[in-house]
Amino acid sequence: MSTVAKTRAEVLAPRRTRLGALVGTGALIRLILRRDRFVLPAWVLLLTLIPVNFVKATDSLYPAAADRLEYAHTTGTNPTFLALYGPMYSSDLGGIVAQRVGFIPVVIGLISALTVVRHTRTEEEAGRRELLGATVTGRGAGLAAALIVTMAANLVLAVLLTAGMAGQDLPVAGSLAVGLQFAAAGCVFAAVAGVTAQLSESAGAARGTAIAVLGTAFVVRMAADVGGDGNGLSWLGWLSPLGWGNRVRAYGGERWWTFLLIVALVAVLVAAAGVLSARRDVGAGVLPPSLGPADAPRRLSGPFGLGWRLQSRPLYGWLAGFAALGVVYGAVAGGVGDMVKDNPDLEKIFTRIGGQSGITDAYFASIMSTLGLIAAAYAVSATLRLRTEESGERAEPLLATPAGRLRWAASHLVFALLGPVAALGVAGLAAGVAHGLDTGDPGREVPCVLGAALAQLPAVWLVAAIALAVFGLAPRFTGAAWAAVGVFAVITLFGAGLNLDQWALDVSPFTHIPKLPGRSFTATPMIWLVALTAALAALGMAGFRRRDIASS
């Protein structure tokens with residue numbers, strides 16, 4: 001071989017290696033689209049319709065420019081709205097809608113992260129990635145396919161949202177900015193999940209790390225928006241990708257250059273994920289699992305000891321997150337009364353969402369429903385650990401010992417039952433203390449807020465029972481449990497604002513929880529929820545006892 005030819009071969013070799021790592025990406029994209037042919041369009045359309053419907057609802061509530069100006073004056077500087085939804089840059093209809101849908105990018109980021117982890121690390125943990133690797137499939141094809149599909153879905157959402165909002169006589173530029181803001185959040189946290197999926201060999205750890213990053217970004221964004229220019233904390237918004245999205249200023253003089261920061265961050269994260277994927281073994285993580293002691297303590301013997309070993313660390317992370325949310329929500333509760341004192345229409349919205357015995361009570365009733373939904377997500381995660389252990393072929397060897405199916409299942413279900421108690425208790429206590437210190441009467445506020453938090457438990461347990469029933473009867477479709485959480489979240493968070501009929505609101509178990517504090521406690525709906533929970537749990541356990549282990 002001549003010197004020139006040899007040099008050319010050496011230059012092209014790394015390029016061929018990189019291209020070879022992506023062989024089969026198209027086939028894996030088609031596979032993901034087939035597997036998610038129902039879930040993917042569902043969440044894209046749902047998260048498009050919610051803000052589009054908000055345009056009509058907001059226009060009917062504030063038809064005159066004076067009404068919108070008054071609303072913008074009360075909410076644009078209110079710490080509660082700033083914490084939950086972000087700043088408002090325009091008092092026009094578009095600016096109001098852009099703020100009211102300010103929490104949706106967090107939801108999109110969460111869905112995108114979970115989607116990427118599901119099609120990367122979960123596939124490796126189940127052993128399916130190794131089987132695909134034995135075919136004509138490059139090393140990085142799985143990661144590339146998951147990122148391409150997820151980011152493409154976010155861009156489709158952006159297009160649909162732009163068309164839907166612009167079609168209601170809103171400015172095209174602002175509508176495009178909102179759509180791209182939503183897509184940006186999804187793409188950033190899809191890329192974040194691409195990185196976390198390479199760090200750990202556990203899908204649960206990859207999900208937990210990605211969710212922790214999302215939660216941190218949200219808290220930083222809240223601190224920046226609540227702090228504002230007056231307290232000198234607005235610069236914190238530039239440390240959070242969610243803050244970058246808000247600073248696009250949709251309908252308020254768009255800053256298009258902000259998207260360059262987001263594109264650069266996504267590119268860096270995707271490149272990092274690709275490099276990490278190429279440097280690790282299939283099925284392993286970049287960060288090796290820590291080795292335990294040679295002899296296990298007695299407390300780890302048996303199914304319950306193993307369950308504690310597997311479930312305790314995720315639980316600690318969830319508890320820390322609930323404590324942080326409780327402090328934030330309790331600290332900003334005092335601003336709710338000022339927000340609605342001169343706006344009867346806004347007061348009606350808050351009263352319909354949660355309670356009628358004071359706006360602050362209505363605020364806490366609404367917030368506790370949100371925390372209940374988050375606790376339900378934890379309960380589903382703890383319940384479906386059963387499916388993770390089963391599909392990973394770790395359950396069958398354990399069940400070959402004297403430990404029976406019921407003991408093994410109970411070792412995980414105890415976390416789905418008691419974990420939400422601890423999480424909601426921590427959140428309610430933190431929120432009550434923070435609000436009590438603000439009002440100067442913690443002795444009154446702590447029991448009220450804590451009771452409102454713990455009142456969500458029957459609805460949370462019902463969601464966990466749905467997950468258990470699906471696991472026992474149709475383990476292939478455990479994703480339906482997450483779909484149920486999504487449906488309940490949409491109804492609970494956006495149902496009242498969208499003026500849904502009562503029958504639609506009643507689909508969510510959180511609708512039937514007494515709106516505490518503010519209303520009198522009614523035990524009847526709680527008893528019905530607990531009874532339905534017991535029935536579904538019994539049905540799921542009966543199905544699990546009868547079916548084969550690791551059945552598909």
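Just so it is clear, the values below take in all heavy atoms, side chains as well, and ignore hydrogens, waters and symmetry mates. These figures come from a predicted structure and were not determined experimentally.
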[X] side chain to [Y] main-chain N or O, any donor-acceptor pair under 3.5 Å?
| X | Y | answer |
| --- | --- | --- |
| Ser381 | Ala377 | no |
| Arg247 | Gly243 | yes |
| Ser277 | Ala273 | no |
| Gln198 | Gly194 | yes |
| Gln168 | Val52 | yes |
| Tyr251 | Tyr89 | no |
| Thr196 | Ala193 | yes |

Assign the ring pair Trp238 / Trp257 to parallel, tilted or perpendicular, where the plane angle (0 to 90°) is split at 30° and 60°.
parallel

Just jot down the ring pair (Phe, Tyr, Trp, His ring centres under 6.0 Å) partners of Phe322, sequence neighbours excluded, or say none.
none

Once ring pair (Phe, Tyr, Trp, His ring centres under 6.0 Å) is applied, do any residues pair with His119, and if so which ones, sequence neighbours excluded?
none

Determine the minimum heavy-atom distance between [X] and [Y], stating which atoms define it.
| X | Y | value |
| --- | --- | --- |
| Val23 | Ala141 | O-CB, 3.5 Å |
| Glu254 | Gly174 | OE2-CA, 3.2 Å |
| Val460 | Ala379 | CG1-CB, 4.1 Å |
| Ala185 | Pro105 | CB-O, 3.6 Å |
| Val44 | Ala153 | CG2-O, 3.9 Å |
| Ala177 | Val248 | CB-CG1, 3.8 Å |

With Ile50, the side-chain contact (heavy atoms from CB on, under 4.5 Å) member among Leu45, Ile104, Leu161, Val107
Ile104

Compare all side-chain heavy atoms of Leu505 with those of Ile491 and state whether any distance is below 4.5 angstrom.
yes

Flag side-chain contact, heavy atom, 4.5 Å: Gln99 against Pro87
no

By salt bridge (charged side-chain N to carboxylate O under 4.0 Å, His left out) - contacts of Asp36 (at least two apart)
Arg118

Is there a donor-acceptor contact under 3.5 Å linking the side chains of Thr492 and Ser508?
yes

Nearest 0.5 Å, what's the CG-CD1 distance between Leu143 and Ile148?
9.5 Å

Rounded to the nearest 0.5 Å, what separation is found between the CG atom of Leu170 and the CG atom of Asp92?
9.5 Å

Could you walk me through whether Phe103 and Phe218 pass the ring pair (Phe, Tyr, Trp, His ring centres under 6.0 Å) check?
CA-CA 9 Å; Phe103 187 76; Phe218 181 57; 5.6 Å; yes

Does a sphere of radius 6.0 Å around CZ in Arg279 hold more than 12 heavy atoms from other residues, nucleotides or ligands, not counting ones at 6.0 Å or beyond?
no

